[in-house]
Amino acid sequence: MTYYLIIGLELDEEGFDNMSKKVLIISSSLRSNSNSDKMAEEAFRGAKVAGHDASLLSLKNKDLRFCKGCLACQKTRQCVILDDMDRMIEQVKEADVLIFVSPIYYNGMSGQLKTFLDRCNPLYVQDYKFREVYLLTTSAEEGEDVYQRAASGINGWVKCFKEAKFKGVFNGGGVNAPGEIKSQADILKRAYAIGHNI
């Protein structure tokens with residue numbers, strides 16, 4: 001049996017139980033034919049094969065504006081900015097499991113993902129369902145130091161939601177050119193296993 005270690009969490013190819021979960025996979029790359037998009041697709045495929053109610057949300061071509069920091073949402077439970085985030089935040093709220101997928105830029109998460117996380121402010125005062133949060137990343141460089149800042153950013157976001165736990169990060173390193181990950185079968189196999197074993 002093959003095991004994949006994700007910050008202390010062992011995932012096996014057969015999974016832990018048969019309980020179906022609502023899984024939302026959020027891909028934040030804006031590049032066409034991106035490596036992180038392919039990783040997200042594999043995690044999505046794994047989750048669907050396992051019988052989970054999985055959805056794949058791409059931030060590509062979305063009208064997603066910066067948080068203004070007005071905090072009006074803490075009273076109204078809604079953002080004052082009228083863009084695509086209003087619909088997307090409902091998907092986050094109703095999911096049991098969140099899988100964020102991001103390319104690594106300058107050793108950090110994509111700007112689009114950071115903006116998305118900032119715009120989740122209205123959830124602080126609502127009943128959210130997500131309990132497990134994962135991060136999948138792709139990068140040209142390899143090594144633990146490459147994705148640590150991105151993982152720290154996700155972990156910091158998760159800590160604001162007391163019912164949720166950051167379950168781990170997997171980085172597919174050594175891929176740079178668009179679509180290059182397609183030749184990295186091991187990376188894609190691991191992404192599939194993560195989705196399958198949620």
Side-chain angles (χ1 to χ4, degrees), residues 4 6 11 21-50 52-66 83-120 123 130 132-140 146-147 149-151 153-155 157-158 164 166-185 187-198:
Y4 303 120
I6 306 182
L11 298 178
K21 299 175 183 176
K22 194 163 188 175
V23 180
L24 177 63
I25 302 164
I26 302 161
S27 184
S28 65
S29 177
L30 301 185
R31 182 165 71 167
S32 296
N33 193 29
S34 79
N35 295 309
S36 52
D37 272 352
K38 186 60 180 172
M39 183 182 273
E41 289 166 9
E42 284 302 300
F44 170 73
R45 191 169 69 89
K48 292 293 282 186
V49 168
H52 295 301
D53 178 8
S55 300
L56 179 56
L57 171 63
S58 174
L59 300 187
K60 196 178 300 177
N61 299 320
K62 295 294 190 298
D63 180 11
L64 179 59
R65 303 175 204 170
F66 295 122
D83 60 6
D84 291 334
M85 191 63 198
D86 196 39
R87 177 179 53 82
M88 293 189 290
I89 202 170
E90 286 301 314
Q91 291 179 268
V92 174
K93 179 183 174 183
E94 295 300 320
D96 300 310
V97 179
L98 301 175
I99 303 178
F100 294 111
V101 188
S102 177
I104 295 296
Y105 297 146
Y106 299 108
N107 285 11
M109 71 180 76
S110 70
Q112 197 76 350
L113 180 53
K114 180 61 170 71
T115 299
F116 183 90
L117 296 176
D118 290 345
R119 291 290 306 282
C120 285
L123 292 177
F130 57 89
E132 302 174 31
V133 180
Y134 297 81
L135 172 64
L136 308 183
T137 62
T138 58
S139 62
V146 173
Y147 60 82
R149 290 183 180 87
I154 295 295
N155 191 38
W157 182 83
V158 172
F166 182 40
K167 303 293 283 187
V169 56
F170 169 67
N171 180 62
V175 292
N176 190 20
E180 188 175 350
I181 200 171
K182 292 176 184 177
S183 64
Q184 302 294 326
I187 294 175
L188 296 178
K189 184 178 180 182
R190 292 185 182 211
Y192 174 92
I194 292 164
H196 189 273
N197 295 306
I198 290 299

With distance as the sole test, does [X] use its side chain to make a donor-acceptor pair with the main-chain N or O of [Y] at under 3.5 Å?
{"X": "Ser28", "Y": "Val101", "answer": "yes"}
{"X": "Glu180", "Y": "Asn176", "answer": "yes"}
{"X": "Asp84", "Y": "Leu64", "answer": "no"}
{"X": "Asp83", "Y": "Arg65", "answer": "yes"}
{"X": "Asn35", "Y": "Ala177", "answer": "yes"}

Got a second to check how far [X]'s [atom1] is from [Y]'s [atom2], nearest 0.5 Å?
{"X": "Leu24", "Y": "Phe44", "atom1": "CG", "atom2": "CZ", "value": "10.5 Å"}
{"X": "Phe100", "Y": "Ile26", "atom1": "CZ", "atom2": "CD1", "value": "4.5 Å"}
{"X": "Phe116", "Y": "Ser102", "atom1": "CZ", "atom2": "OG", "value": "12.5 Å"}
{"X": "Leu57", "Y": "Ser27", "atom1": "CG", "atom2": "OG", "value": "8.5 Å"}
{"X": "Asn197", "Y": "His52", "atom1": "CG", "atom2": "NE2", "value": "8.0 Å"}
{"X": "Gln112", "Y": "Lys60", "atom1": "CD", "atom2": "NZ", "value": "11.0 Å"}

Lys114: salt bridge (charged side-chain N to carboxylate O under 4.0 Å, His left out) partners, not counting sequence neighbours: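 Partners of Lys114 by the salt bridge (charged side-chain N to carboxylate O under 4.0 Å, His left out) criterion, ordered by chain and then number, come out as Asp118.
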Among residues at least two apart in sequence or on other chains, which ones pass side-chain hydrogen bond (donor to acceptor under 3.5 Å, both in side chains) with Asp86?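 Asp86 satisfies side-chain hydrogen bond (donor to acceptor under 3.5 Å, both in side chains) with no other residue.
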Can you see whether Ser58 engages Asp37 through a side-chain donor-acceptor pair at a distance of less than 3.5 angstrom?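 No pair is found: no donor N or O on one side chain lies under 3.5 Å from an acceptor on the other.
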Testing the basics here: between [X] and [Y], what is the closest heavy-atom pair and its distance to 0.1 Å?
{"X": "Ala40", "Y": "Leu56", "value": "CB-CD1, 3.8 Å"}
{"X": "Ile25", "Y": "Ala43", "value": "CD1-C, 3.7 Å"}
{"X": "Ser139", "Y": "Asn171", "value": "OG-ND2, 3.2 Å"}
{"X": "Val175", "Y": "Gln184", "value": "CG1-CG, 3.7 Å"}

Holding to side chain to side chain contact (heavy atoms under 4.5 Å, CB included), I want the full list of residues that pass it with Leu188, two or more places apart in sequence or in another chain.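 If we apply the side chain to side chain contact (heavy atoms under 4.5 Å, CB included) test to Leu188, skipping adjacent residues, the hits are Lys38, Glu42, Ile181.
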Verdict with supporting geometry, Ile187 and Thr138, side chain to side chain contact (heavy atoms under 4.5 Å, CB included): CA-CA 9 Å; Ile187 294 175; Thr138 58; 5.7 Å; no
With heavy-atom distances below 4.5 Å as the criterion, would you say the side chains of [X] and [Y] are in contact?
{"X": "Asn33", "Y": "Lys182", "value": "yes"}
{"X": "Trp157", "Y": "Leu113", "value": "no"}
{"X": "Arg119", "Y": "Met88", "value": "no"}

Is the [atom1] atom of [X] crowded by more than 12 outside heavy atoms at less than 6.0 Å?
{"X": "Tyr105", "atom1": "OH", "result": "yes"}
{"X": "Arg149", "atom1": "CZ", "result": "no"}
{"X": "Asp63", "atom1": "CG", "result": "yes"}

Test side chain to side chain contact (heavy atoms under 4.5 Å, CB included) applied to Val169 and Ile154, step by step: CA-CA 9 Å; Val169 56; Ile154 295 295; over 6 Å; no
Between Tyr147 and Leu135, does the side chain to side chain contact (heavy atoms under 4.5 Å, CB included) criterion hold? Intermediate values first, please. CA-CA 10 Å; Tyr147 60 82; Leu135 172 64; 6.0 Å; no
Determine, stepwise, if the pair Met85 / Cys120 fulfils side chain to side chain contact (heavy atoms under 4.5 Å, CB included). CA-CA 8 Å; Met85 191 63 198; Cys120 285; 3.7 Å; yes
